[in-house]
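A short worksheet on the structure shown next.
None of these values were measured; they are calculated from a predicted model.
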Amino acid sequence: INTISIYNGQDAQYIVFTIMDEKYAQYLLQKTKDDYDLIAEEFSRTRPNLWSELFAVFKDYTRDGDKVLDVGCGNGRFLDLLGEKKIDYLGVDNSEEQIKQAQKKYPDRNFLVADILNLPFPDDSFDKVFLIAVLHHIPSRNLRIKVLNELQRILKPGGHLLLTVWRPPLAEILKLISKYSFLKLIGKSKMDFGDVLVPWGSRVERYYHFFKKSEIVKLASRAGFKTLKSEIVRNQTGKRSNLYYIGCKANAPSLQARG
């Protein structure tokens, strides 16, 4: 069993916690797929466009002729970012129902049902890979590294990874974090610290992992990416915030945004 130990200096003892095992991580992966299949129509209706703050961050990081993979594409709303650019775009998602929504919304674009851990593409296939609001749904550190390794594999030399994860203000999620941390401490949760289940109305509870900024950078570095930028971006009201990361394969030329 994988464990972590925390030293309790006051009592001179080590407190041992289990790390999520692979079987439970696979269960959460399947649960997430099932959840998004179930809410696909409602999700697409309430998420018609890419959030404006992310549009501002990423709009200059593609160019005519790029071969772009949108991993976890959902209803395809990322396409709005590409505008009139001549991009060879492909969207993939493991949710069949989300792909149906994407095909309905963008019938002239290409979408495919695919597994993020085993993407059906040769090495060095894409100039850019976008991973928008996906990595926070991947349970366990081991699977997150596997995902990033797979994305690194399919990127061309000099290719770039652009990703976001949800990073709400702590005040908004303190209750959830406290609840699941307590359950972990008393041995009643198989999830890791920083993991929560967030309700979508009364229908499902979606799995999330809340990242620290340094955590993303370390994971990406472990997978062979060179960090170009990693920051928190907020909408105009400050009520919605995401952590974004831009990286390239190690030893690849840096990408500069063009105004």
Side-chain angles (χ1 to χ4, degrees), residues 20 25 28-29 31-36 38-40 42-59 70-75 77-78 80-81 93 95 98 116 130-141 143-145 147-148 161-185 188-220 227 229-247:
M20 188 188 301
L28 287 174
L29 274 181
K31 170 180 163 50
T32 299
K33 176 191 178 302
D34 293 344
D35 288 345
Y36 274 99
L38 185 64
I39 66 174
E42 183 181 358
F43 185 85
S44 183
R45 187 173 64 252
T46 58
R47 305 288 194 279
N49 305 109
L50 186 70
W51 289 324
S52 59
E53 65 272 20
L54 297 183
F55 186 92
V57 169
F58 291 141
K59 65 183 177 67
D70 182 7
V71 180
C73 64
N75 66 355
R77 59 185 175 144
F78 169 73
D80 294 340
L81 180 69
D93 204 296
S95 166
Q98 293 285 343
I116 192 174
F130 284 81
L131 190 69
I132 306 299
V134 175
L135 196 62
H136 53 220
H137 289 313
I138 304 298
S140 84
R141 183 175 184 272
L143 288 185
R144 290 174 206 126
I145 290 174
V147 165
L148 293 174
L161 170 68
L162 304 97
L163 72 82
T164 72
V165 293
W166 188 31
R167 180 68 181 273
L170 183 59
E172 288 187 18
I173 57 168
L174 188 57
K175 186 176 180 180
L176 278 174
I177 290 288
S178 298
K179 172 186 174 180
Y180 286 100
S181 294
F182 176 72
L183 290 174
K184 182 70 175 176
L185 286 168
K188 298 295 184 181
S189 172
K190 294 181 180 180
M191 298 191 299
D192 292 329
F193 288 110
D195 294 353
V196 301
L197 296 176
V198 179
W200 176 276
S202 59
R203 303 184 71 186
V204 300
E205 289 184 312
R206 294 180 296 164
Y207 167 84
Y208 280 88
H209 175 75
F210 290 126
F211 285 91
K212 297 177 181 177
K213 182 179 175 181
S214 60
E215 188 179 358
I216 291 278
V217 172
K218 289 177 181 177
L219 286 174
T227 299
K229 198 170 185 180
S230 182
E231 301 289 346
I232 293 173
V233 60
R234 297 178 175 84
N235 67 347
Q236 290 184 341
T237 66
K239 293 182 178 180
R240 184 176 64 225
S241 57
N242 286 270
L243 173 62
Y244 73 90
Y245 172 90
I246 301 171

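The closest donor-acceptor contact from the side chain of H137 to the backbone of Y207 lies under 3.5 Å. The main-chain N or O of L28 is found under 3.5 Å from a side-chain atom of T32 such that the two form a donor-acceptor pair. Without hydrogens or angle criteria, T164 side chain to A133 main chain gives a donor-acceptor distance under 3.5 Å. Looking at N235, its side chain never comes within 3.5 Å of a backbone N or O of E53 through a donor-acceptor pair. The backbone N or O of Y36 sits less than 3.5 Å from a side-chain atom of Q98, completing a donor-acceptor pair. Distance alone, capped at 3.5 Å, is enough to place a donor-acceptor pair between the N75 side chain and the R47 backbone. The closest donor-acceptor contact from the side chain of R203 to the backbone of L38 lies under 3.5 Å. In this structure, K213 contributes its side chain and I232 its backbone to no donor-acceptor pair below 3.5 Å.
Residues L29 and P139 share a closest heavy-atom pair of CD2-CD, 3.6 Å. Taking every heavy atom of both residues into account, G72 and D93 meet most closely at C-OD2, 3.3 Å. The shortest heavy-atom contact between L143 and A25 is CD1-CB, 3.7 Å. Residue W166 comes nearest to H136 through the heavy atom pair N-ND1, 2.8 Å, listed as atom of the first residue, atom of the second, then distance.
The shortest side-chain heavy-atom distance between M191 and M20 falls under the 4.5 Å cut-off. Annotation: side chain of V147 is not in contact with side chain of V71 (no heavy-atom distance under 4.5 Å). Using a 4.5 Å heavy-atom cutoff, the side chains of L197 and K31 are in contact. Between F211 and L135 there is a side-chain heavy-atom pair separated by less than 4.5 Å. Between L163 and V134 there is no side-chain heavy-atom pair separated by less than 4.5 Å. Counting only heavy atoms from C-beta outward, the side chains of L185 and F193 approach each other to under 4.5 Å. Side-chain contact check for H209 versus I138: every heavy-atom pair is 4.5 Å or farther apart. Residues W200 and T46 have side chains in contact (heavy-atom distance under 4.5 Å, counting atoms from C-beta outward).
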Steps toward side chain to side chain contact (heavy atoms under 4.5 Å, CB included) verdict (D34, V204): CA-CA 9 Å; D34 293 344; V204 300; over 6 Å; no
- prompt: Given the rule in the side chain to side chain contact (heavy atoms under 4.5 Å, CB included) test, do K229 and Y244 qualify, once you have shown the distances and angles that lead to the verdict?
  reply: CA-CA 8 Å; K229 198 170 185 180; Y244 73 90; 3.2 Å; yes
Verdict with reasoning, K184 to D192, per side chain to side chain contact (heavy atoms under 4.5 Å, CB included): CA-CA 7 Å; K184 182 70 175 176; D192 292 329; 4.3 Å; yes
message: Run V57 and N242 through side chain to side chain contact (heavy atoms under 4.5 Å, CB included) and show every step you take.
response: CA-CA 11 Å; V57 169; N242 286 270; over 6 Å; no
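For an aromatic pair to be called close, the ring centres must be under 6.0 Å apart, and F58 with F78 fails this.
Atoms CZ and CZ, on F55 and R77 in that order, are 13.5 Å from each other to the nearest 0.5 Å. Interatomic distance, S181 OG to D195 CG, rounded to the nearest 0.5 Å: 9.5 Å. The line from NZ of K59 to CG of L50 is 13.0 Å long, rounded to the nearest 0.5 Å. Here the CG-CG distance, from L148 to L161, works out to 6.5 Å after rounding to the nearest 0.5 Å.
Ring geometry for F210 against Y208 counts as parallel: the plane angle stays under 30°, on a 0 to 90° scale with 60° as the upper cut.
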